[in-house]
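As structure tokens, the structure follows; a few thoughts come after it.
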2 protein chains.
Amino acid sequence: MHKQSVTAEDVARRAGVSRAVVSRALSNNGSISPATRERVLQVAKELGYQVNFLAQGLNRRRSHLIGVIVSRIDDPFRSSLLDGLLGEIQRNGFQALVTEIRSEQELAETLRHFTQFRVSGVIVTSGKPPEALVSECVQQQIPVVGINRQPDIPGVDYVCSDNAAGAILAAEQLVKTGCRRFGWINNHHSTWAGRIRGEAFRLALSERGVDVDNNLAALLSSAEGYEGGLQTAAGLEVIPQGIFCANAQLACGFLDGMRQRGKDAPQDFQLIGFDNTPQTAQYSYRLTTLNQDVAEISRLALMHLLERARTPLQPSRTSWVKVDLIHRQTSFSLT
Amino acid sequence: MHKQSVTAEDVARRAGVSRAVVSRALSNNGSISPATRERVLQVAKELGYQVNFLAQGLNRRRSHLIGVIVSRIDDPFRSSLLDGLLGEIQRNGFQALVTEIRSEQELAETLRHFTQFRVSGVIVTSGKPPEALVSECVQQQIPVVGINRQPDIPGVDYVCSDNAAGAILAAEQLVKTGCRRFGWINNHHSTWAGRIRGEAFRLALSERGVDVDNNLAALLSSAEGYEGGLQTAAGLEVIPQGIFCANAQLACGFLDGMRQRGKDAPQDFQLIGFDNTPQTAQYSYRLTTLNQDVAEISRLALMHLLERARTPLQPSRTSWVKVDLIHRQTSFSLT
DNA sequence: TTGAAAGCGGTACCAA
DNA sequence: TTGGTACCGCTTTCAA
């Protein structure tokens, strides 16, 4: 025979009260005299009573779970974002239900699973959820927040790095240090954030007098991440003087690809990446890059979740998180 | 008024059967005529019925959740392990409850939370759970598996990379290529896996005729990861010819630290790391390293979980996963 | 094969 | 302040 777990019933009996009282004692919800409260708590501790979250959730129609949708967490930026989110989720007393998706199809399934667990909220860091499903969440009062997604679904809140501002900083840096011919590196299948960065870069250059039609080369790679950057470098014919990269992985790959060709930054070209992953700071790269404030992004994500849980009908909000240029060795100093 | 979610009751009514039948139809558990089964399924689909996992779990005293304990997932090896685990967990129809811990204290709390959710299993990739708590899991028939932990808790299954074999491969490589003076780099507060690697390295060297007391330097850094390696390199007085590193982050940091001093592998020293993280493969590092088979580790972890769920009383098992030497540029070729 | 009913372990309302 | 009780939504005997 194996020990069953202790239930509220057990505690109630031992403390000489009803189950209801036990519930109140533990949730300080509903009135109870300090004395009994104390006694119940004491007994609960003695017996090692632990609330059954399944039962509790069933009742309250809400578990203390927060669903997080991620993808490709072997990408350092993604894993640091997940890191930040897990921290915030736990700090706020929730548990994270993490699902890694490989397709939009899986995203839909995942969202279903989340609702089946009556999660207290959903955080989407990858993919674009079908509106129909999201509106189911909204109907069920489940807050949804997207991170670095295009803020276009009603009822969903968003937290985005200020990609455009970052691109402007990059453009400014490169123009001011005398570049005339520019390059923009991105994946062929770009995320929304990537596209914004590219468009803003182009606009910022043009506003600074660059003839972008002739002097800005868009280098789109079919491969992802490091490999994509590597291939881009290998296939490059004329080397632009100032290059802006949609993300850190591409940037590191590109830099390595150029090094294989005997070229290096900043002497042969300037290179600015995005994301400021730990790797970009390392001695072998020391890449100038735009830092995404992961801690702040995570904090805001949880804040939106909690606020919307309180007032489900409020209009959608988007928080923009400041991005900073971290100056390292792949670009020239301005001074 | 907001739409309540569809329940089994609704499906039952619409299909003209009882709730019990609906349950059977969906769980193909208990007898039911193919005809009704079909009809119920049809209705369920029409209504968009989704099982409430909380209620289901409450009843079966088991949710379809698997708790995963991790730490520092910004370490590339850790995040790729998590990646592998998430994949396996999802493939097997479970959902992952992921908690990142920062102390043994948090580990204990986390384990509690897991049991409160009646998880179907627990995977520990970091820290050492208190035996008392683990035995509670065992009592409640919750399978626990440790990954790369010292296999010493009764009732727990383990999956470990064959660290000793890896260390032997490293020793062999270095000895055969003519090294006479060796170095072993690790953190001061090492994991169990790290210690094993170090001990096995020492033993393997000594078995190959190396006077380890005089010709093997243990370089223990207080800092973790890349930074630790960097500092080790900075403080190094005599440079050993053959260096073995407890993990990839240390190795990359060390290599960079040496480069800052104008030294590089393999001309000034040979360097072999552990983990084969993506970064070690990159052009700027091309580190010889021991590969941990993350996919296999993850597969075995789930296998143990499932097997023990079936036969909870079976004796503890430990699976050892083969480790391979990936030969790159920081060591000499053997041929 | 099917339905009725007793839980699973809490929560919260209502009366006392 | 307390206890009784009706659920929450599903599973699983037990009879029919």
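Residue numbering restarts at 1 for every chain, and letters A, B, ... go by the order of the sequence lines.
- In summary, the side chains of B/Thr99 and B/Thr110 do not present any donor paired with an acceptor at a separation below 3.5 Å, with no hydrogens or angles considered.
- In this structure, B/Ser31 reaches the C/dT1 phosphate: one of its side-chain N or O atoms is under 4.0 Å from OP1 or OP2.
- The closest side-chain heavy-atom distance from A/Pro154 to A/Glu131 is below 4.5 Å.
- Atom C1' of nucleotide C/dT11 and atom CG of A/Asn28 are separated by 14 Å, given to the nearest angstrom.
- For the OP1/OP2 pair of C/dG9 and a distance below 4.0 Å, the side-chain nitrogens and oxygens of A/Gln56 include no atom meeting the criterion.
- Not a single donor-acceptor pair under 3.5 Å links the side chain of B/Gln116 to the backbone N or O of A/Gln50.
- Scanning atom types as modelled, no donor and acceptor separated by under 3.5 angstrom connect the side chain of A/Arg24 and the base of C/dG10.
- At distances below 3.5 Å, not a single donor-acceptor pair connects side-chain atoms of A/Ser63 with backbone N or O atoms of A/Gly57.
- A donor-acceptor contact under 3.5 Å is not formed by the side chain of B/Asn52 with the base of D/dG9.
- B/Arg13 places no side-chain N or O within donor-acceptor distance of the main-chain N or O of B/Ala8, the cut-off being under 3.5 Å.
- Proximity of A/Lys322 to A/Asp162: side-chain heavy atoms (C-beta onward) are nowhere separated by under 4.5 Å.
- Summarising the geometry, the separation between CG on A/Asn59 and P on C/dC13 is reported as 11 Å, rounded to the nearest angstrom.
- When the side-chain nitrogen and oxygen atoms of B/Arg60 are compared with OP1 and OP2 of D/dT11, one or more of them lie within a distance under 4.0 Å.
- To the nearest angstrom, C1' of D/dC7 lies 9 Å from CG of A/Leu58.
- For B/Arg37 and C/dT2, the CZ to P distance is 12 Å, given to the nearest whole Å.
- For the pair A/Leu26 CG and C/dG9 P, the computed distance is 16 Å after rounding to whole Å.
- With hydrogens and angles disregarded, no donor-acceptor distance shorter than 3.5 Å links the side chain of A/Asn92 to the backbone of A/Phe94.
- For B/Asn29, a side-chain nitrogen or oxygen approaches OP1 or OP2 of D/dT12 to under 4.0 Å.
- For B/Ile32 and D/dT11, the CD1 to C1' distance is 14 Å, given to the nearest whole Å.
- Regarding contacts with the backbone of D/dT2, a side-chain N or O of A/Ser33 is found under 4.0 angstrom from either OP1 or OP2.
- If you measure from atom NE2 of A/His64 to atom C1' of C/dG10, you get 14 Å, rounded to the nearest angstrom.
- Among the protein residues, A/Phe53 comes within range of no part of the nucleic acid, since none of its heavy atoms lies under 4.0 Å from any strand.
- Phosphate proximity of C/dT2 to B/Thr36: present, with a side-chain N or O under 4.0 Å from OP1 or OP2.
- Panel note: side chain A/Arg308, backbone A/Gln314; a donor-acceptor pair is recorded below 3.5 Å.
- Residues from residues 10-21 of chain B placing a heavy atom under 4.0 Å of any atom in DNA chain D, listed by number, are B/Arg19, B/Ala20.
- Across all strands shown, A/Gln116 has no heavy atoms under 4.0 Å from either base or sugar-phosphate atoms.
- Atom CZ of A/Arg62 is separated from atom P of C/dG10 by 20 Å (rounded to the nearest Å).
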